[in-house]
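This report concerns only the one structure given below.
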Protein chains: 2
Amino acid sequence: MKRKITLKHIARELEVSISTVSKALKNSEEISKDTKEKIQAFAKLYNYKPNNIAVSLKNKRTKNIGVIIPNIVHHFFTTVVRGIEKYANERGYNVIVCLSDESFDKEVINMEMLANGSIDGFIMSLSTETQAKKDYNHIKEVTSQGIPLVMFDRVTDEVDCDKVIINDKDSAYKAVKKLLDSGRRKIALINTENLSVSNARTEGYYKALREGGISIDEKLVLTLPHESIDEKAIQYFFDTVSMDAVLCVNEIFAIYGMRVVQKKGLKIPEDISFIGFTDGLLSKYANPSLSAIAQHGENMGAVAAQMLIDKVENEEDDEVYRTEIIDSTLIERESTVN
Amino acid sequence: MKRKITLKHIARELEVSISTVSKALKNSEEISKDTKEKIQAFAKLYNYKPNNIAVSLKNKRTKNIGVIIPNIVHHFFTTVVRGIEKYANERGYNVIVCLSDESFDKEVINMEMLANGSIDGFIMSLSTETQAKKDYNHIKEVTSQGIPLVMFDRVTDEVDCDKVIINDKDSAYKAVKKLLDSGRRKIALINTENLSVSNARTEGYYKALREGGISIDEKLVLTLPHESIDEKAIQYFFDTVSMDAVLCVNEIFAIYGMRVVQKKGLKIPEDISFIGFTDGLLSKYANPSLSAIAQHGENMGAVAAQMLIDKVENEEDDEVYRTEIIDSTLIERESTVN
DNA sequence: TTGTACGCGTTATCAA
DNA sequence: TTGATAACGCGTACAA
C-alpha cells in the first residue's frame, strides 16, 4: 500500500529542500530548468497531489460549500442541489450536502458542524420546524462570523443575506387566473402551515380570486400541518367539498389528490382540473400528466452558487444583499383544459 | 463582524499559554480548577469551537466521507444518500456528495478532488460510462493509497473492496416467477446496456422463464442504451410485440411503459401487468400504482456507511473484504393481479 | 500547575 | 538558484 506522498518525501528523496520542491511544482521561475524537470518528473511518477487540508489551513479557504436542505423527497430540492453542484464544480468547489430532515435541531447541528472551518459559505433552505419556530439565531451566528450565506426558496426576512426565490405569490396568481380563464369557479387550494413559500402562494391564490370577482370560501382551502400526506384529511376534503379545480403547493399533494378524485369516479380535467407546484418526475409521468409550475430548480441552484462563490471570492464584504427572483413557468399538461 | 476565535486569541486575552487553553478546554486534570473555569467561561462567551481543518490536519482524520453517485433522477440513489447521511451523522461524520452524472470523466475528477485529503473514505456507485468502459484505474489508485472504499449497487469484481448490493438476479427471478404464477406467459423485459445490475436482473429473468418451461423469445427483451427514456423505441416495442406482462429494471421505464399501453387502450393489470425495480414515489403514486421491487436504499446506505466507518476507524487494515447483500422486497400494488 | 517546542503539509518571505 | 523560517490552528510530549 503506497501511502500518500508529500512534499517532504519528494524533498528527502531528491535531496533538495521542501521549498524548492514546492516552487518547482508551481513552475516557479526561481528554480533552474534542470531541477524543475527532475522534481516534476518524480512528482508525476509518484502521482503527487497537494493535500487539500493543508492548503485549506494555509489559505483559510476550503473550496467547499455547505448546502443544507430540508429533505430530498421533494424533487425540487434535488434539482437545486444538482444545479449547485454543476456550477460549483466548474469553479473548482466541492459541495457538502446535509439534510436537516425538516428538523430545527438537525439544522443547527449541521450548520455548527460545517461552520467550524469546513466550508467557505452556505447555501440553505429552511426546515419547516425552523420556519414554525422563527428562531434564526444559529443562522445569524454564522453570518455574523462573516461566513457568506445564500438562502433559497424557503427564506426569511429576519436574516440579512443573499436570497434566491421564485415569485411564489405571482406564480400562484397566474395559475389561478389560468383556471379562472378556462371557466373554473370553485377553485380549491391545498397548502401547508408555517412555510414562507406556502403563505406567499396562498396570497396569490386569494388575489387572483378577488380580481376575478370570486367570493372567498374558506372551505375551499385545505391546510395540512406537515409536508406529508395526511390521507384521511385529503380524502375528507374531497368528499365534503365541491370544487372544479385545485391548486396544490407541491406535486405530491396534487398527485395524491388526483388519485383520490379518480377513485371517486371524477374525470380529470373535465370534472376537475389540477395544477401543482414543482415540475418533477411525478408531474411528468402522472396519469393524467400534471400541469405544473416549474420552479427551475437547477437554474435556481446555479444562481445561488454563483452568488455565493462571488461573495466568497470577493474580498471586501459589501454588506449589500441581493434577492434574485427566478421566473417560474406554468407547464400545461393533461390535468388542465386549454 | 466578529471573526472566528482561536486558541491563540483566548490565550492572549487571558495571558496564558495556548497549550494551557487547549488543555483547559479539554478539561484536563493538569490545569487548576480556577484557570479552567476562567478559560472555559471565556471560551463559552465567545463561542469557541475548534477549527475542523486544523484538527483534520493534525489527526489525519477529516471526519468526512465522500459519496459519489451517478445521478439523482433515480429515487433509489437519493434514498441511499439519505441512509448514509443519517448513519454517518450519528457517528459524527459529514457527507460530501458528488454526482458523476453517469460520466467517466466526472467520476474521475470528483474522486481525485476528494482523495487529496478531503475525506476519510468513499462510498460510490459506478457511472454507466465507467461500467461500459470497464476502466477502474482511478478507483484502484484510491484503494491502493489505503483509502477505504465501499461500493454499492453498481459494483465490479475488478476492484477489491467492501460492497453492498441486493441480489438482483434473485429479485428479478422472484418477480418473474410471480408473474408466471399469476398465469402470465408472454413476459417482456426492459433493461439497459452495460449496467452490472441490469445484467444480473436479466439473468434472473431468463432463469425464471427457463424454470417455468417458457421458451425464450428475444423479441420480448428491449434493451435501451442509456438510462433515459427513448420514447420512440418504447412506443415501437409495445406497438410491435405482443405481451401480457413487463418487468422493468427501473421505475421510470415502467411508469412510461404504463402510459404507453394505457394510451393504446389496454387495461392494467387485466391485459398486461407491470413490475418495476425501485420502490420510489413514482411507483407509489402512479395510476395504477406500480408493483415494485423495493431495494431498501436507505438501509443499503446505512449498511454501506457502517462498513466504511468501521474500516476507517479500524487501525489495522485486514484486507478482508465483505459483500453485504440486502434483501429486496416485492411490493404488490395495482399493476399486478394477485 | 503551567509553558515550551514540535509536527501535521503547504506556501510565502526573506536570506544565502 | 536554492534553502531556511515562519505561519495557518491545534494537540501533546516533555520540560520547567
Side-chain angles (χ1 to χ4, degrees), chain A residues 3-40 42-43 46-64 113-120 145-147, chain B residues 3-40 42-43 46-64 113-120 145-147:
Chain A
R3 271 252 144 267
K4 201 76 199 159
I5 194 171
T6 70
L7 289 184
K8 200 199 278 190
H9 296 134
I10 303 182
R12 198 185 301 141
E13 209 64 31
L14 265 42
E15 295 181 311
V16 290
S17 77
I18 294 178
S19 44
T20 303
V21 178
S22 175
K23 286 171 188 164
L25 292 177
K26 315 206 92 171
N27 236 322
S28 160
E29 291 304 323
E30 294 180 19
I31 308 298
S32 75
K33 210 178 158 205
D34 275 8
T35 24
K36 268 204 291 199
E37 280 173 1
K38 191 176 59 177
I39 292 174
Q40 286 173 358
F42 189 92
Y46 285 93
N47 194 22
Y48 169 80
K49 296 270 169 55
N51 179 313
N52 290 335
I53 297 290
V55 175
S56 295
L57 183 58
K58 184 105 253 277
N59 300 344
K60 298 175 155 246
R61 281 280 169 79
T62 63
K63 287 267 186 179
N64 288 154
M113 204 137 104
L114 295 180
N116 300 314
S118 300
I119 49 90
D120 294 339
Q145 283 172 20
I147 301 179
Chain B
R3 269 253 144 266
K4 201 78 199 159
I5 194 171
T6 70
L7 289 184
K8 200 201 277 190
H9 296 135
I10 303 182
R12 197 185 302 142
E13 208 65 32
L14 264 44
E15 294 180 313
V16 290
S17 79
I18 294 177
S19 55
T20 303
V21 178
S22 174
K23 288 171 186 166
L25 292 177
K26 317 205 88 173
N27 236 321
S28 160
E29 292 305 323
E30 294 180 21
I31 307 298
S32 73
K33 208 175 158 205
D34 274 7
T35 24
K36 269 204 289 200
E37 280 173 0
K38 190 177 59 176
I39 292 173
Q40 287 172 358
F42 189 91
Y46 285 93
N47 193 24
Y48 170 80
K49 297 269 169 52
N51 179 313
N52 289 334
I53 296 289
V55 175
S56 295
L57 185 58
K58 181 113 251 281
N59 300 344
K60 297 172 157 252
R61 282 280 170 80
T62 62
K63 287 267 188 180
N64 287 156
M113 203 139 104
L114 296 179
N116 301 314
S118 299
I119 50 89
D120 294 340
Q145 282 172 21
I147 301 179

Check: Is A:Thr35 touching bases, backbone alone, or none of the nucleic acid, heavy atoms closer than 4.0 Å?
Finding: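 Sugar-phosphate only.
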May I have the distance from [X] (atom [atom1]) to [N] (atom [atom2]), rounded to whole angstrom?
| X | N | atom1 | atom2 | answer |
| --- | --- | --- | --- | --- |
| B:Ile31 | C:dG3 | CD1 | C1' | 9 Å |
| A:His9 | C:dG7 | NE2 | C1' | 13 Å |
| B:Leu57 | C:dC6 | CG | C1' | 13 Å |
| A:Glu29 | D:dT2 | CD | C1' | 15 Å |
| B:Asn52 | D:dC10 | CG | C1' | 12 Å |
| A:Asn116 | D:dG9 | CG | P | 13 Å |
| A:Glu15 | D:dT1 | CD | C1' | 18 Å |
| A:Ile10 | C:dG9 | CD1 | P | 12 Å |

Next item on the list: State, with a plain yes or no, whether a side-chain heavy atom of B:Leu14 is found less than 4.5 Å away from one of B:Ile39.
Entry: yes
Next item on the list: May I ask you to test the B:Lys8-B:Val21 pair for a side-chain heavy-atom distance under 4.5 Å?
Entry: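 No, too far: nothing below the 4.5 Å cut-off.
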Check this one for me: any side-chain N or O of [X] less than 4.0 Å away from OP1 or OP2 of [N]?
| X | N | result |
| --- | --- | --- |
| B:Thr20 | C:dT2 | no |
| B:Lys60 | C:dG9 | yes |
| B:Ser17 | C:dG3 | yes |

Using atom types as modelled and distance alone, determine if a side-chain donor or acceptor of [X] lies under 3.5 Å from a backbone N or O of [Y].
| X | Y | answer |
| --- | --- | --- |
| A:Lys49 | B:Met113 | no |
| A:Asn52 | B:Leu114 | no |
| B:Ser22 | B:Ile18 | no |

Next item on the list: Could you walk me through whether B:Thr20 and B:Ile31 pass the side chain to side chain contact (heavy atoms under 4.5 Å, CB included) test, one step at a time?
Entry: CA-CA 7 Å; B:Thr20 303; B:Ile31 307 298; 4.0 Å; yes
Next item on the list: Spell out protein contact along nucleotides 10-15 of chain C as letters: B when the base is contacted, S when just the sugar-phosphate is, - when no protein heavy atom is under 4.0 Å; keep the 5' to 3' order.
Entry: BBBBB-
Margin query: Just to verify, what does B:Lys63 make a side-chain hydrogen bond (donor to acceptor under 3.5 Å, both in side chains) with, not counting sequence neighbours?
Written below: none
